[in-house]
Amino acid sequence: MNRVYLDYAATTPTHPDVVQAMLPFFGESFGNASSLYSYGREARAAITAARSSVARLIGADEDEIVFTGGGTEADNMALKGIAFAADGKYNHIITTSIEHHAVLGSCEFLENLGFHVTYLPVDKYGLVAPDDVRKAITDNTLVISVMHANNEVGTIQPIAEIGRIARDAGVYFHTDAVQTAGHVPIAVNDMGIDLLSVSAHKLYGPKGVGALFVRTGTRISPLIHGGAQERNRRAGTENLAGIVGFGTAAELARGTMTEEATVLGTLRDRLITGLLERIPEAQLNGHPTSRLPNNVNVSIDYVEGESMLLHLDMEGICASTGSACTSGSLEPSHVLLSMGLSHQLAHGSLRLSLGKWTTGEDVERVLETLQEIVSKLRAMSPLYKAPGRSAQ
Amino acid sequence: MNRVYLDYAATTPTHPDVVQAMLPFFGESFGNASSLYSYGREARAAITAARSSVARLIGADEDEIVFTGGGTEADNMALKGIAFAADGKYNHIITTSIEHHAVLGSCEFLENLGFHVTYLPVDKYGLVAPDDVRKAITDNTLVISVMHANNEVGTIQPIAEIGRIARDAGVYFHTDAVQTAGHVPIAVNDMGIDLLSVSAHKLYGPKGVGALFVRTGTRISPLIHGGAQERNRRAGTENLAGIVGFGTAAELARGTMTEEATVLGTLRDRLITGLLERIPEAQLNGHPTSRLPNNVNVSIDYVEGESMLLHLDMEGICASTGSACTSGSLEPSHVLLSMGLSHQLAHGSLRLSLGKWTTGEDVERVLETLQEIVSKLRAMSPLYKAPGRSAQ
Amino acid sequence: MSDEQPVYSEKVMEHFRNPRNVGEMESPDGIGHVGNPVCGDIMELYIRVVDHVITDARFKTFGCGAAIATSSMVTELVKGKTIEEALELSNRAVAEALGGLPPIKMHCSVLAEEALKSAIEDYLQKHPKPDSA
Amino acid sequence: MSDEQPVYSEKVMEHFRNPRNVGEMESPDGIGHVGNPVCGDIMELYIRVVDHVITDARFKTFGCGAAIATSSMVTELVKGKTIEEALELSNRAVAEALGGLPPIKMHCSVLAEEALKSAIEDYLQKHPKPDSA
Ligand SMILES: Cc1ncc(COP(=O)(O)O)c(C=O)c1O
Ligand SMILES: Cc1ncc(COP(=O)(O)O)c(C=O)c1O
């Protein structure tokens with residue numbers, strides 16, 4: 001059975017061109033970039049080229065890119081690095097209640113060390129109000145961290161506006177752009193961004209490599225101490241092949257981003273419309289327009305997410321849910337709850353995220369399959385009363 | 001010109017079998033290991049298999065292996081993780097003056113946070129005295145970190161003895177085994193080890209992936225916060241292909257380690273003997289017998305390391321030095337200075353590290369080439385007075 | 001998300017795919033209702049009791065794969081049992097009959113046990129044993 | 001180790017490979033001796049002076065690639081210059097003549113300038129100008 005992969009927001013396959021670009025760096029050109037001799041020089045040159053590709057993707061200078069072991073590490077480095085480099089006075093951090101766990105976990109860690117963190121609320125679309133950001137700033141505020149687009153519901157935040165507020169207040173501004181880099185245009189200067197996290201595996205690069213953009217002049221401590229790699233900002237032998245792959249992926253993304261967003265946006269809208277038409281008592285989660293071109297997130301009342309996923313998987317369709325049952329914890333998505341969804345609707349959420357290889361047929365297949373699955377699950381749901389029957 | 005690579009201690013080429021094992025995980029089996037569906041299950045199964053391969057290599061349980069972004073991250077996680085999880089009382093760390101910068105940098109960071117660190121000295125062979133370890137332990141000692149073998153001079157420490165001392169004192173014991181794992185037998189239980197760092201790229205695996213062995217029951221905080229990956233010990237989407245490569249490399253190493261050590265030990269001894277015979281006023285650095293099978297480190301008086309490296313490179317030979325000139329700082333190797341070498345001899349050090357593809361001809365070629373280079377450099381050295389000429 | 005995704009046994013998946021005894025029951029002798037939307041699992045369990053023996057059981061469940069499979073299994077296991085025997089059916093027995101459950105899913109088997117107990121209680125309340133006590 | 005390994009220009013490498021004016025000089029008119037083993041670079045520079053003009057210069061150097069190349073270049077640049085002209089030769093001029101040096105290697109060009117100054121001082125001390133002052 002042909003699998004239909006609709007979880008590009010979780011991870012993307014590594015693009016064949018990216019794999020090709022990486023291969024020589026496992027074999028012939030395997031050098032340690034810190035070495036003086038030929039192999040080392042080849043490695044350094046390759047890393048430099050990748051660095052400038054990643055820099056170009058977000059409008060940064062080459063020197064402002066620090067390669068990391070992924071998006072999570074980049075988020076950790078941004079927040080902890082700024083915190084550890086700060087004067088004692090600056091002990092206040094502003095973030096939102098819908099950030100990725102990498103940001104929330106770092107904030108919690110810093111709270112345990114005595115930092116104060118303000119978690120801003122969002123509206124029902126998952127939007128942060130720039131005015132809330134402004135009001136939260138105090139004399140002690142060190143950094144504001146607001147994600148560019150949310151990984152679950154796809155809502156894109158007014159980053160440039162928040163960047164202006166941060167700049168006016170003289171506060172560092174970090175944004176987690178793991179879901180947007182390579183998908184939505186980013187210009188760190190125009191947007192007033194001081195720190196920005198990226199992850200290669202969300203843009204058809206390899207897993208286990210990411211980058212933190214650190215604006216020149218930003219005072220930041222390393223998260224990982226040791227050798228002088230990455231200009232003393234991130235120690236450890238460079239993930240040479242991974243970095244080369246990231247560079248190639250960034251280069252590809254820069255070329256295809258605009259067109260891809262148009263194509264995916266159309267498929268996304270067909271999928272949303274189809275779902276809402278075919279499945280009664282379903283609702284779209286996230287913002288209707290300020291939204292990632294590849295993100296569909298719906299809540300389907302009376303049914304639970306994991307059982308939808310299992311049925312979809314049996315039909316070869318890969319998706320994701322905000323239900324507690326797949327989270328390892330017993331709580332459903334903090335993002336959906338922050339947006340005001342009931343627990344029941346949060347447990348019934350389904351994320352379908354599209355990508356480079358998604359086709360119109362995939363969309364059709366999901367629509368048909370899901371409709372059947374929902375009927376089947378609703379038939380066995382004690383919460384669901386079929387239309388026409390009186391409520392309990 | 002055929003290159004002769006003698007810097008296996010810096011990094012190894014990824015074994016072709018390892019690359020083959022990794023390839024499917026970029027393409028067909030690219031899933032996010034956190035996902036419920038088929039792709040996710042395949043990824044999880046592959047990671048589990050790799051985990052047990054790495055565990056077997058060091059005699060650990062599968063559950064005790066935490067995959068990281070490399071050896072440096074593993075060292076950072078070990079020290080900072082133990083420190084952040086500790087009660088305030090336990091604020092003393094014991095380590096040595098010859099550790100890798102990943103350990104020293106982490107200790108320095110912790111010193112800035114109020115921890116006390118004892119840096120034990122070494123003898124002229126680079127050996128730590130177990131008795132010094134015992135004497136350094138106080139009521140506040142939290143962890144002892146002594147590397148298994150030194151990356152520069154190859155000296156292997158009496159780890160089992162130190163492990164016993166740590167256990168008797170009820171103190172955690174960490175060892176940086178980045179240079180030994182896959183090269184020298186390790187048994188974490190027999191050696192009394194609680195935490196052990198490994199890096200894949202030193203054993204023919206890919207760069208950018210490593211592991212920290214964490215003995216069951218050890219209280220440790222994550223270094224990188226976020227998702228629940230690695231049983232809440234290391235957040236971030238797993239470097240799937242990298243981890244699979246690491247597992248394959250560990251499996252290969254377990255099979256070939258003993259034989260390889262014998263072959264390399266013989267080549268190493270030929271190289272050492274040849275160097276000392278052909279080049280007057282040269283000396284071996286590190287322990288004559290308790291030594292990595294693949295490590296040669298010599299100091300050649302009156303000449304400076306970087307110029308030797310550059311000349312070797314022009315002849316296609318890749319090596320490394322403890323001279324300041326390649327360190328980014330202006331200080332020569334802290335390891336050589338700790339062993340009591342003069343600055344002049346430290347600047348004149350040369351490390352030749354052998355590996356899987358080193359041949360007897362390589363050894364011959366290095367011996368001949370280096371003899372010529374040293375003559376040439378000594379002829380232009382203001383420190384060198386040719387034999388027969390009176391000293392200034 | 002977690003790397004400790006539940007890996008379901010074949011048996012669990014089989015019961016999830018083809019759950020037995022799904023649906024409401026006309027005028028059941030006992031109804032159990034447990035769980036709530038906050039925790040994400042809700043089970044309704046119906047029993048028919050004849051001469052102190054559970055002759056039929058049906059369920060409706062909102063919940064994950066394990067919740068559906070344990071519901072299905074508990075309805076199967078309970079059929080033919082006396083009330084007393086049924087009250088002894090433990091969540092472990094349900095999980096074992098399914099070839100085991102992932103640790104983070106054990107609470108679903110607890111829920112199934114509770115649903116059964118709740119249905120029996122409902123039955124006992126509605127049908128107080130005249131000759132007992 | 002660092003990812004900021006010096007990347008030497010072609011010119012630096014050419015002078016490193018084939019250093020000009022290597023070796024001691026028989027009874028030089030001035031000797032400069034700078035650096036020490038701690039920092040890892042030691043230069044000895046010898047000059048021959050005829051009628052206030054440096055007619056020959058030679059060197060011996062213990063040090064890295066940049067140290068050897070700057071030694072070689074400074075001996076080339078200084079030949080034919082008067083003492084006054086030679087005193088004006090800056091480390092930047094040496095570095096530029098080599099097509100630039102990596103930032104962390106600029107100190108080598110400083111050392112070369114100092115070696116030259118030291119040799120000239122030695123010459124001036126041994127050969128005080130009778131008509132000056
Ligand atoms: C918004 C966001 N931030 C951070 C991350 C973490 O990145 P990585 O998976 O590379 O650790 C992810 C994805 O997992 C994400 O979607
Ligand atoms: C002894 C030792 N520890 C730690 C490291 C760091 O490992 P990695 O290069 O994977 O960051 C190295 C090698 O660079 C090493 O030799």
Side-chain angles (χ1 to χ4, degrees), chain B residues 7 9-11 72 100-102 151-152 299-315 320-337 341-349 351 373-374 376-386 389 392, chain D residues 1-10 12-25 28 31-46 58-72 75 101-108 110-111 115 118-119:
Chain B
D7 205 13
T11 194
T72 297
H100 190 269
H101 284 295
N151 47 306
E152 294 186 35
S299 275
I300 299 176
D301 210 355
Y302 316 121
V303 295
E304 188 275 335
E306 189 197 280
S307 37
M308 282 193 277
L309 287 201
L310 288 171
H311 276 291
L312 284 169
D313 183 39
M314 295 187 304
E315 303 298 324
S320 153
T321 172
S323 170
C325 288
T326 64
S327 74
S329 80
L330 287 173
E331 269 295 295
S333 156
H334 65 288
V335 176
L336 297 175
L337 294 181
L341 264 74
S342 69
H343 274 77
Q344 186 170 319
L345 284 174
H347 282 297
S349 72
R351 180 185 70 184
I373 290 170
V374 171
K376 191 170 164 177
L377 288 173
R378 281 186 173 170
M380 70 168 84
S381 170
L383 300 168
Y384 184 67
K385 302 301 157 195
R389 287 184 53 178
Q392 214 172 9
Chain D
M1 286 178 258
S2 148
D3 75 331
E4 303 186 63
Q5 280 300 343
V7 179
Y8 289 133
S9 68
E10 263 313 301
V12 170
M13 283 311 292
E14 207 276 306
H15 273 264
F16 173 74
R17 234 176 269 123
N18 305 300
R20 328 289 199 259
N21 314 308
V22 176
E24 279 169 54
M25 186 184 275
I31 303 183
H33 188 104
V34 296
N36 63 63
V38 173
C39 81
D41 290 304
I42 299 176
M43 286 185 196
E44 242 169 53
L45 198 141
Y46 318 92
R58 302 185 70 77
F59 79 93
K60 284 190 117 178
T61 289
F62 165 92
C64 64
I68 289 170
T70 52
S71 303
S72 166
T75 54
L101 282 176
I104 61 161
K105 293 295 188 181
M106 280 305 285
H107 71 275
C108 293
V110 174
L111 213 62
S118 157

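Here is how names work: the chains are called A, B, and so on, in the same order as the sequence lines, proteins then strands, and each is numbered from 1.
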Proximal component of D:A66, with respect to chain B [non-hydrogen, under 4.5 Å]:
backbone
Between the CG atom in D:D41 and the OG atom in B:S323, the distance rounded to the nearest 0.5 Å is 8.0 Å
Kindly compute the distance separating SG (D:C39) from CD (B:E331), expressed to the nearest 0.5 Å.
10.0 Å
Atom CG in D:N21, atom CE in B:M380: separation rounded to 0.5 Å?
11.5 Å
Least distance between heavy atoms, D:K60 atom then B:A379 atom:
CE-O, 3.2 Å
Who wins among D:N36, D:V22, D:T61 for the most heavy-atom pairs under 4.5 Å with chain B?
D:T61
With sequence neighbours left out, what residues match D:F62 under ring pair (Phe, Tyr, Trp, His ring centres under 6.0 Å)?
none
Could you pull out the closest heavy-atom pair between D:G63 and B:S307, with the gap in Å?
O-OG, 2.9 Å
Quick one: list whatever passes ring pair (Phe, Tyr, Trp, His ring centres under 6.0 Å) with B:H343, sequence neighbours left out.
none
Calculate, to the nearest 0.5 Å, the distance between atoms CE and CZ belonging to B:M314 and D:F16 respectively.
5.0 Å
Side chain from CB out, backbone as N, CA, C, O: work out which of these in B:L383 comes under 4.5 Å of a heavy atom of chain D, or both, or neither.
side chain
The interface call for D:I42 against chain B, heavy-atom contacts under 4.5 Å, is both
Rounded to the nearest 0.5 Å, the NZ atom of B:K376 sits from the CZ atom of D:R17 at a distance of 9.5 Å
